[in-house]
There are 2 protein chains.
Amino acid sequence: MAGNRSTDISVGEKNKTNILQAAEKAFAQHGFKGTSVQRIADAAGLPKTNVLYYFKTKQDLYQAVLKQTLSLWNSRFDLACETDDPAETLAEYISEKMEMSRTHPMLSKIFALEILNGAPNLNPYFNDEHLHWMQGRVAIIEAWITQGKMNQVDPHYLLYTIWASTQHYADFATQITRLRGQKMKKADFAQATTTVIQLILNGCGLTVPPHYERSQHDQLS
Amino acid sequence: MAGNRSTDISVGEKNKTNILQAAEKAFAQHGFKGTSVQRIADAAGLPKTNVLYYFKTKQDLYQAVLKQTLSLWNSRFDLACETDDPAETLAEYISEKMEMSRTHPMLSKIFALEILNGAPNLNPYFNDEHLHWMQGRVAIIEAWITQGKMNQVDPHYLLYTIWASTQHYADFATQITRLRGQKMKKADFAQATTTVIQLILNGCGLTVPPHYERSQHDQLS
DNA sequence: CGCATTCCTGACCAAGCAGTCATAGTGCCA
DNA sequence: TGGCACTATGACTGCTTGGTCAGGAATGCG
């Protein structure tokens with residue numbers, strides 16, 4: 001038909017991404033067991049058999065969604081080194097993770113559900129990567145401590161705290177929304193981000209870089 | 001038969017608690033949808049019909065488990081007032097929550113799963129209680145700030161951070177275990193607790209009370 | 001046009017599920 | 001002894017589910 005000449009992607013690819021989007025939403029909300037292929041198909045506006053045509057099994061589809069999820073873990077912190085400024089580096093890392101919680105809450109939820117279920121679908125490859133990443137980051141933080149750049153804080157628990165307090169805004173959004181009476185908007189996330197940065201950086205004996213400081217008009221009376 | 005004369009609880013009560021324990025474990029690991037009544041029955045060593053005899057529906061059983069879960073939220077912080085010492089109060093609160101994550105990880109997971117699923121089973125009563133609690137705690141923290149006892153930190157985000165970074169050790173135990181290579185022991189929890197306290201209290205501009213300080217032999221080289 | 005590949009789908013099936021029911025054992029009190 | 005309440009359970013039912021299959025439509029390409 002006319003009008004679609006610019007889309008050189010095949011109909012198959014288009015359908016696949018469409019299905020993946022619907023699946024992402026469904027899995028994030030209801031978990032693997034709680035999501036039926038029929039529900040995903042309905043959300044994607046396709047017959048169930050068509051979904052099974054592109055992804056042979058529900059497992060395959062879930063694995064594909066999970067793969068996207070793991071891209072969440074990429075960050076500029078991956079490339080940090082011990083000569084970097086800890087305050088700047090950590091603030092940016094927290095900022096990145098908060099932005100992830102805001103813009104991709106469903107992927108965060110899927111990861112959380114996977115962990116809660118005992119992570120049966122996280123393959124050894126990811127585990128190794130993850131462990132390797134962890135060891136590298138821990139070494140850098142320990143170097144910063146040795147150099148006297150920051151307080152002595154166990155790097156493992158520091159990282160867990162950063163993950164927890166940022167992912168929380170995606171995973172526990174339901175709870176937060178109920179307590180606030182409305183969903184967190186972009187400005188709320190900005191405020192939450194500065195608060196988390198303030199807490200953790202000060203907690204490490206670091207000074208919050210000017211760029212990440214609370215802006216004037218956000219001050220309490 | 002002989003031997004049971006000291007147990008004045010009826011066989012029914014004994015079975016009920018037995019079933020509840022099995023259900024707690026199963027729901028925490030596989031969620032509501034992912035748990036079959038049969039599985040719970042097997043874990044409890046009873047025929048499925050017997051489980052349904054005590055709890056008419058799977059929903060009922062889940063609700064009963066969830067009710068236990070909500071007891072997690074009780075804390076000595078509930079009774080705090082603005083004349084209390086913020087450092088001492090918050091340190092104790094964090095300590096309590098960490099202890100909950102250590103001793104009742106499954107209940108924490110069930111709560112997390114419930115929230116992730118959109119909290120369809122949290123009744124309005126709990127929501128109201130929870131909101132009321134929140135408002136009370138926020139007021140106290142704001143008073144502390146006004147009194148100059150601690151830095152200006154948005155109380156809401158402070159509380160979220162405390163919840164997140166403590167519950168994390170229950171909900172994400174699988175991830176932590178894989179990264180460490182082994183489960184966290186009691187001593188590890190103690191260290192994690194002091195680290196979280198240090199981070200958050202320093203983050204608020206508070207001094208960690210001596211009792212909650214890292215002990216000497218835990219120091220890094 | 002002709003053929004192959006990709007795409008699409010209704011009908012169907014076996015398994016697992018929550019929940020019902022009829023039946024039966026058990027302890028207790030009158 | 002009879003009756004009642006509680007406890008227990010195998011057999012069964014109706015429904016949802018993931019997945020198969022056979023056949024048909026669209027598309028691209030020589």
Side-chain angles (χ1 to χ4, degrees), chain A residues 1-27 29-66 110 113 117 120-121, chain B residues 1-27 29-66 110 113 117 120-121:
Chain A
M1 300 287 173
N4 275 12
R5 74 193 188 288
S6 66
T7 64
D8 52 350
I9 53 174
S10 69
V11 53
E13 287 305 312
K14 212 169 62 183
N15 273 338
K16 268 193 181 181
T17 60
N18 180 22
I19 292 168
L20 279 172
Q21 269 192 332
E24 178 186 316
K25 204 166 178 175
F27 284 136
Q29 201 168 139
H30 307 284
F32 179 76
K33 276 279 201 174
T35 302
S36 68
V37 179
Q38 185 67 64
R39 179 193 235 116
I40 295 171
D42 290 348
L46 297 169
K48 189 185 72 169
T49 359
N50 205 355
V51 173
L52 272 316
Y53 168 73
Y54 286 107
F55 300 91
K56 293 224 181 306
T57 69
K58 186 178 155 184
Q59 268 284 336
D60 285 352
L61 178 48
Y62 176 74
Q63 296 268 6
V65 172
L66 189 61
I110 287 169
L113 283 168
N117 282 351
N121 293 285
Chain B
M1 298 289 174
N4 275 13
R5 73 194 189 289
S6 67
T7 65
D8 52 352
I9 53 175
S10 70
V11 53
E13 287 306 311
K14 212 170 59 184
N15 274 338
K16 267 193 180 182
T17 60
N18 180 23
I19 293 168
L20 279 172
Q21 269 193 332
E24 178 185 316
K25 204 166 177 174
F27 284 136
Q29 200 168 141
H30 307 283
F32 179 75
K33 276 278 203 171
T35 303
S36 69
V37 178
Q38 185 67 62
R39 176 190 239 125
I40 296 172
D42 290 348
L46 297 169
K48 189 185 72 167
T49 5
N50 207 354
V51 173
L52 272 317
Y53 168 73
Y54 286 107
F55 300 91
K56 292 225 181 305
T57 69
K58 186 178 152 185
Q59 268 285 336
D60 285 354
L61 178 49
Y62 176 74
Q63 296 269 6
V65 173
L66 190 60
I110 288 169
L113 282 169
N117 283 349
N121 292 287

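Residue numbers begin at 1 in each chain, while the letters A, B, ... track the order of the sequences.
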>> So does B:S36 get a backbone contact from the side chain of B:K48, meaning a donor-acceptor N/O pair under 3.5 Å?
In response: no

> NZ of A:K25: more than 12 outside heavy atoms within 6.0 angstrom?
Replying inline: no

> Step by step, would you call A:L46 with A:I40 a side-chain contact (heavy atoms from CB on, under 4.5 Å)?
Replying inline: CA-CA 9 Å; A:L46 297 169; A:I40 295 171; over 6 Å; no

>> Would A:Q63 and A:N121 count as a side chain to side chain donor-acceptor pair (under 3.5 Å) here? Give the steps.
In response: CA-CA 7 Å; A:Q63 296 268 6; A:N121 293 285; 3.2 Å; yes

> Just the dot-bracket of DNA chain C, please: which string comes out with Watson-Crick or G-U pairs under 3.5 Å, [ ] for crossing, | for another strand?
Replying inline: ||||||||||||||||||||||||||||||

>> Taking any heavy-atom pair under 4.0 Å as a contact, classify A:T49: base, sugar-phosphate, or nothing.
In response: base

> To the nearest Å, how far apart are A:Q38 CD and C:dC17 C1'?
Replying inline: 18 Å

>> Return whichever of A:K33 or A:L46 has its heavy-atom-nearest nucleotide of DNA chain C closer to the 5' end.
In response: A:L46

> Is the A:Y62 ring parallel, tilted or perpendicular to the A:F27 ring (thresholds 30°, 60°)?
Replying inline: perpendicular

>> Rounded to the nearest 0.5 Å, what separates atom CG in A:L66 from atom CZ in A:F32?
In response: 11.0 Å

> Between C:dT6, C:dC17, D:dT9, which nucleotide gets closest to the side-chain atoms of A:Y53?
Replying inline: C:dT6

>> Just the rounded figure in Å: distance from C1' of C:dA18 to CG of B:L52.
In response: 7 Å

> From D:dG18, C:dT20, C:dC17, pick the nucleotide closest to the side chain of A:K58?
Replying inline: D:dG18

>> Using the side-chain heavy atoms of A:P47, tell me which of these nucleotides is nearest: C:dG10, D:dT9, C:dA18.
In response: C:dG10

> How close or far is atom P of C:dT6 from atom CD of A:E13, stated in whole angstroms?
Replying inline: 12 Å

> Given atom CD of B:Q59 and atom P of C:dC17, what is their separation to the nearest angstrom?
Replying inline: 17 Å

> For B:N15 and D:dC6, is the shortest distance between a side-chain N/O and OP1 or OP2 below 4.0 Å?
Replying inline: no

> So, the side chain of A:N18 versus the backbone of A:A44: is there a donor-acceptor pair under 3.5 Å, distance only?
Replying inline: yes

> How many Å lie between CG on B:N50 and C1' on D:dA11, as a whole number?
Replying inline: 16 Å

> In whole Å, what is the span from the CD1 atom of B:I19 to the P atom of D:dT9?
Replying inline: 11 Å

> Given atom CZ of A:F55 and atom C1' of C:dC8, what is their separation to the nearest angstrom?
Replying inline: 16 Å

>> Check this for me: does the side-chain of A:K48 come within 3.5 Å of the base of D:dG19 through a donor and an acceptor?
In response: yes

>> Whole angstroms only, please: what is the OH-P distance between A:Y62 and D:dT17?
In response: 19 Å

> Between C:dC17, D:dG19, C:dG19, which one does the side chain of B:S36 approach most closely?
Replying inline: C:dC17

